Protein chains: 2
Amino acid sequence: MARNAAAAVTSADVARLAGVSRATVSFVLNDTQTHRVSEATRARVLAAADTLGYVPHAGARALRAGRNNLVLIPAAVSAVGRLVSGWIDDLHTELERYGYTAVLHAGRYTDPAAAARAWAELRPGAVLALDGTSLGAAGAQVLRRAGVRALMALAPQPVEGVHTVLFDDRRVGVCAAEHLVARGRRRLGVVMPGERGLSAFAEPRLAGARSVAARTTATVTPLEMEYTHASAARLASGWAQRGLDGVFAYNDEYASLLLCVFRDAGVDVPGEVAVVGCDDLVTAALQRPALTTVRLAVPSAAQVAAALHDLIETGTAAPLPAVEPVLVRRASA
Amino acid sequence: MARNAAAAVTSADVARLAGVSRATVSFVLNDTQTHRVSEATRARVLAAADTLGYVPHAGARALRAGRNNLVLIPAAVSAVGRLVSGWIDDLHTELERYGYTAVLHAGRYTDPAAAARAWAELRPGAVLALDGTSLGAAGAQVLRRAGVRALMALAPQPVEGVHTVLFDDRRVGVCAAEHLVARGRRRLGVVMPGERGLSAFAEPRLAGARSVAARTTATVTPLEMEYTHASAARLASGWAQRGLDGVFAYNDEYASLLLCVFRDAGVDVPGEVAVVGCDDLVTAALQRPALTTVRLAVPSAAQVAAALHDLIETGTAAPLPAVEPVLVRRASA
DNA sequence: CGCCTTCGGTTACTCGTGTAAGTAACTCGT
DNA sequence: ACGAGTTACTTACACGAGTAACCGAAGGCG
C-alpha cells in the first residue's frame with residue numbers, strides 16, 4: 001500500500017490530466033456562471049476529476065473564501081438526550097439543504113474562553129450552543145474576531161453579539177417545583193446528575209426550584225446521583241430518613257430510574273413521594289405510575305437552520321420564539 | 001457592531017503589533033525548538049496575541065502541514081445509543097490528550113462514495129466509522145487519496161485499507177435468536193427500527209436471526225416499528241393473530257417500549273412472548289420483568305485513541321480485540 | 001586583525017483554491 | 001478589410017500559516 005507515495009490529488013492533477021489550466025477546472029467544478037466553458041472540455045474535466053477521485057480541500061477553500069460551510073454544535077453526546085438527538089439529526093438535514101456541514105464537538109475545556117478559541121480555530125460559518133453557559137459574551141467576541149459570522153445560543157437572557165433563543169432552565173425548575181407545591185408537597189428533592197456536561201442545565205433548574213421554595217414554605221434538597229443502578233438504589237435505600245415528599249428528577253431518564261428503584265425499595269409513588277421528570281420522552285407516559293413531566297417546546301430544526309443561514313448571509317435574522325416549559329400532568333405527581 | 005469591518009485577526013496583525021516579523025510570531029506561538037527567540041520579544045509576541053485575541057486558522061495550518069488534527073466520527077446522534085454515547089465522550093477526552101479534535105457528523109448521503117467524499121473534504125487526520133457499512137473499500141480509497149492517514153472501522157470482516165475492529169452485527173442476531181430457541185421459542189419476531197441510521201445495524205441482526213432459523217425449525221418475522229408509543233401500541237394490539245412467541249427487540253430501548261405496551265395490552269412476558277434486548281443499558285435490569293439482553297464488549301476509548309494515534313503517526317497499529325456479543329440472562333426470556 | 005560561532009531575527013517560498021484581469025482566435029456588420 | 005464583440009481559455013495573485021535558508025551583529029579565540 002503506497003501510502004506516502006500517493007500524495008493527495010489536487011485540482012492541478014485534474015487540470016494536467018484534462019489538458020487544461022487549473023482555473024478551468026475550478027470553473028467547471030464550481031459551475032461558475034460568469035465564465036463559459038465548452039461542453040467538450042467540461043466533460044473532459046469532469047471525467048478527469050472522476051478517474052482521479054478528486055476531492056476539494058475544505059481548508060484551502062476556506063482560506064481563499066474567508067469562511068467555510070461548517071456549522072459547529074458544541075455539545076457532549078451524552079448530554080444530548082433522546083429529546084434533542086432527533087432534532088439535531090433533522091438540523092443536520094436542514095443545514096445540508098443550504099450547503100452547510102453540521103458538526104458536533106464535545107471538548108473538555110477548562111474555561112469558556114479556551115473552548116471558544118478551540119472552536120474558532122475551525123473558522124466555522126456558525127456556532128450553535130445548546131446550553132446557556134458555554135457561549136458567553138467573552139467567547140462570542142473571540143469567535144467574532146476569528147471571523148465567525150453566525151452565533152446562536154439557547155440562553156436565559158440575551159447575550160451581547162449572540163442571536164439568543166431565550167430558554168431559562170430555571171423556569172423548568174420553577175415549573176416542576178410549583179407543580180409539586182401545588183400538589184401539597186413541601187420537602188422537595190432535586191436530582192443533580194453526575195454525567196458530563198449536564199451541570200450547565202442542572203444548576204439553573206435547581207436554582208429555579210429554590211426560588212419557588214423561597215416564596216413558599218417548601219424546602220429544597222439537592223440529590224447527587226449518577227445514572228447507574230447502584231447510585232439510584234443508594235438514594236432509594238436511605239429514602240425514609242431524608243423525609244422528602246417530592247422529587248424533580250432532572251429529566252425523564254433519571255425519573256424512570258428513580259421510579260424503578262422506588263418500586264424495588266417499596267417507596268410508594270405518588271403516595272410517599274411525588275416524582276416529576278422533564279422532556280416528555282416516549283417512555284414517560286408508559287411508566288407505572290405514568291410520569292408527570294415538563295415538556296419543552298423547541299423551535300423546529302427548519303426554523304433554526306433558516307435563521308442560521310440568514311445570520312451567515314446577512315448578519316441578522318428574525319428572532320426565534322422562546323422555549324417554554326409546559327407541565328404535562330400524569331399519575332406520578 | 002462592526003461585523004464586516006472587523007476582519008479576522010491573523011498572525012500578521014500580531015507581528016505588526018509586536019513589532020516583529022510574522023516568522024517570529026510563528027516560532028513563538030508554536031514554541032519551535034530549532035529557533036531561538038529572546039525572552040523579551042517572546043513576551044511581546046504573547047502579549048500582542050493575547051490583546052488581539054488571535055486564534056490560528058486551522059484551515060491554513062492544515063493546508064501548509066498537509067494534514068490537520070481532526071478525527072471524524074461519522075454517526076447520526078440518534079443512532080448513538082446510551083451505550084456508546086459515554087464511550088464517545090471518553091474518546092473525545094482521550095484524543096484531546098494527543099492533541100486531536102474529535103468531531104461527530106451525520107450527513108444523509110445517497111451512497112457511501114458521496115459520504116466518503118464529503119468527509120474527505122475536511123482532510124481529517126483520521127476517520128472512525130462505528131457502523132459496518134458506511135466505510136467500504138471504495139470509500140477508503142477516496143479518503144486515502146485525499147490524504148487521510150488513519151482509517152478505522154467496526155466491521156464484520158477486514159476491509160481493504162482500513163484498520164478493522166471485528167464486529168459482526170449478525171452475531172448479535174445469532175446470540176439473541178439462539179437463546180430464544182434454546183428457551184423453546186420457535187416463531188420469532190425481530191424488531192426493525194425506523195430511526196435514521198439504524199438499518200445498518202438492524203439488517204445484519206435480522207440476517208443473523210434468520211441464519212439461526214435456517215438451521216432449526218424456527219421462523220423469523222421482521223417487525224417494522226418506530227420509536228413511538230403509537231407504533232409500539234399498534235404492534236401490541238394485533239399481537240394475538242401474529243402468533244409469535246419470541247422477540248428480539250433490536251435494543252434495550254425498543255425492548256423497554258415493547259414491555260410497556262405488552263403490559264398495557266395484557267400480553268404476558270415471558271409467558272406468551274419472550275423478549276430479548278441489546279446493549280445491557282442501566283434500565284434493562286430494572287424493567288419488570290427484568291430484561292434479558294445482549295451485552296457488547298467494546299474496546300476502551302483509551303485503546304482506540306492510542307490506535308488512532310499510531311495509525312496517524314506511523315501508518316500501522318496493533319490490532320484491537322474483536323467485539324463479542326454476550327447474552328445476559330434475566331427474566332424476560 | 002581575521003575567522004568562526006552563536007544569537008536573534010527576517011526574507012522568501014510553499015500548501016490548494018477561487019477569481020479578476022488578460023489574451024488569442026474567431027465571427028460579424030458595414 | 002477592419003474595429004467591435006463574443007467565445008474559450010490562461011495567467012497571476014491572494015488567502016494564513018509554517019519553515020528552510022539567509023543575514024547582520026556580537027562574542028570568542030588564536
Side-chain angles (χ1 to χ4, degrees), chain A residues 7-45 48-49 52-69 99 117 120-123 125 145-148, chain B residues 7-45 48-49 52-69 99 117 120-123 125 145-148:
Chain A
V9 28
T10 75
S11 72
D13 299 325
V14 177
R16 216 173 351 255
L17 180 58
V20 296
S21 77
R22 226 180 34 67
T24 303
V25 171
S26 179
F27 293 140
V28 170
L29 296 182
N30 296 314
D31 211 12
T32 310
Q33 298 299 336
T34 58
H35 280 82
R36 3 204 34 161
V37 178
S38 72
E39 268 316 306
T41 58
R42 170 182 301 274
R44 277 216 316 286
V45 167
L52 290 180
Y54 170 70
V55 175
H57 189 302
R61 180 177 275 176
L63 182 57
R64 173 63 229 242
R67 58 157 153 167
N68 64 26
N69 65 346
R117 277 197 298 276
E121 285 195 16
L122 294 174
R123 296 293 193 278
R145 275 188 180 165
V148 178
Chain B
V9 27
T10 76
S11 72
D13 299 325
V14 177
R16 216 172 351 257
L17 180 57
V20 296
S21 76
R22 225 179 36 67
T24 303
V25 171
S26 180
F27 293 140
V28 169
L29 295 183
N30 296 311
D31 211 12
T32 310
Q33 297 299 335
T34 57
H35 279 82
R36 5 203 35 164
V37 179
S38 72
E39 267 317 307
T41 59
R42 170 181 301 273
R44 275 215 319 286
V45 168
L52 289 180
Y54 170 70
V55 175
H57 189 302
R61 181 177 276 176
L63 183 56
R64 175 63 230 246
R67 58 156 152 168
N68 64 26
N69 64 347
R117 278 198 297 277
E121 286 194 16
L122 294 175
R123 297 293 193 278
R145 275 190 181 162
V148 179

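Keep in mind that what you see is a predicted model, and the values were worked out from it rather than measured.
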Looking for any heavy atom pair under 4.0 Å, which part of the strands does B:Ser26 touch: base, sugar-phosphate only, or nothing?
base
Residues forming a side chain to side chain donor-acceptor pair (under 3.5 Å) with B:Thr41, sequence neighbours excluded:
B:Ser38
Quick check: does any side chain N or O of B:Asn68 sit under 3.5 Å from a backbone N or O of B:Arg123, one acting as donor and the other as acceptor?
yes
Rounded to whole Å, the CG-P distance (B:Asp13 to D:dC15) equals 11 Å
Using atom CD of B:Glu39 as one end and atom C1' of C:dG8 as the other, report the distance to the nearest whole Å.
13 Å
Output the single nucleotide from C:dT17, C:dG9, D:dA17 whose closest atom is nearest the side chain of A:Tyr54.
C:dT17
What contact category does A:Thr41 fall into here, base, sugar-phosphate, or nothing, at under 4.0 angstrom with non-hydrogen atoms?
sugar-phosphate
Can you see which heavy atom on B:Gly125 is nearest to which on B:Val148, and at what distance?
O-CG1, 3.8 Å
Give B:Val20 one of three labels, base, sugar-phosphate or nothing, depending on what nucleic acid heavy atoms sit under 4.0 Å from its own.
sugar-phosphate
Would you kindly give the CG-to-P distance between B:Leu63 and C:dG18, to the nearest whole Å?
12 Å
Confirm from the modelled atom types if A:Arg64 and C:dG16 form a donor-acceptor pair under 3.5 Å, side chain to base only.
no
Take the protein atom CZ of A:Arg67 and the nucleotide atom C1' of C:dG18, then report the distance between them rounded to whole Å.
13 Å
Angle between terminal axes - the helix from C:dC1-D:dG30 to C:dT30-D:dA1, 5 pairs each end, rounded to 10°
60°
Separation between CZ of A:Arg42 and CG of A:Asp31, rounded to the nearest 0.5 Å:
5.5 Å
Could you state the interatomic distance from CG (A:Leu52) to OG (A:Ser11), rounded to the nearest 0.5 Å?
11.0 Å
Just verifying a value: how many Å separate B:Leu63 CG and A:Arg61 CZ, rounded to the nearest 0.5 Å?
13.0 Å
Could you run down the sub-3.5 Å N/O contacts of the protein with nucleotides 20-22 of chain D?
{"from": "D:dA21", "atom 1": "N6", "to": "B:His35", "atom 2": "NE2", "distance (Å)": "3.2"}

Please tell me which of B:Val37 and B:Ala60 maps to the more 5' nucleotide of DNA chain C, matching each residue to the nucleotide holding its nearest heavy atom.
B:Val37
Atom pair distance, as rounded to whole Å: CD in B:Gln33 and C1' in D:dG18:
15 Å
Gap between atoms CZ and C1', on B:Arg44 and C:dG8 respectively (whole Å):
12 Å
Expressed as a whole number of angstroms, how long is the span from A:Arg22:CZ to C:dT19:P?
12 Å
B:Arg36 or B:Thr24, whichever maps to the more 5' nucleotide of DNA chain C:
B:Arg36
Under 4.0 Å between a Lys/Arg side-chain N and an Asp/Glu carboxylate O for B:Arg145 and A:Asp13?
no
If you compare every side-chain N and O of B:Ser11 against the phosphate oxygens of D:dA17 (OP1, OP2), does one of them come in below 4.0 Å?
yes
Phosphate oxygens OP1/OP2 of C:dG8: is one of them under 4.0 Å from a side-chain N or O of B:Ser38?
no
Rounded to the nearest 0.5 Å, what separates atom OH in B:Tyr54 from atom CZ in A:Arg117?
12.5 Å
What about B:Arg61, does its side chain sit under 3.5 Å from the base of D:dG18 through a donor-acceptor pair?
no
Given atom CZ of A:Arg42 and atom P of D:dT7, what is their separation to the nearest angstrom?
14 Å
Please tell me which of the listed nucleotides, C:dC15, D:dA17, C:dT11, lies nearest to the side chain of B:Thr10?
D:dA17
To the nearest 0.5 angstrom, please state how far the OG1 atom of A:Thr24 sits from the CZ atom of A:Arg44.
9.5 Å
Has the side chain of A:Thr10 got a donor or acceptor atom that lies under 3.5 Å from a matching backbone atom of A:Ala12?
yes
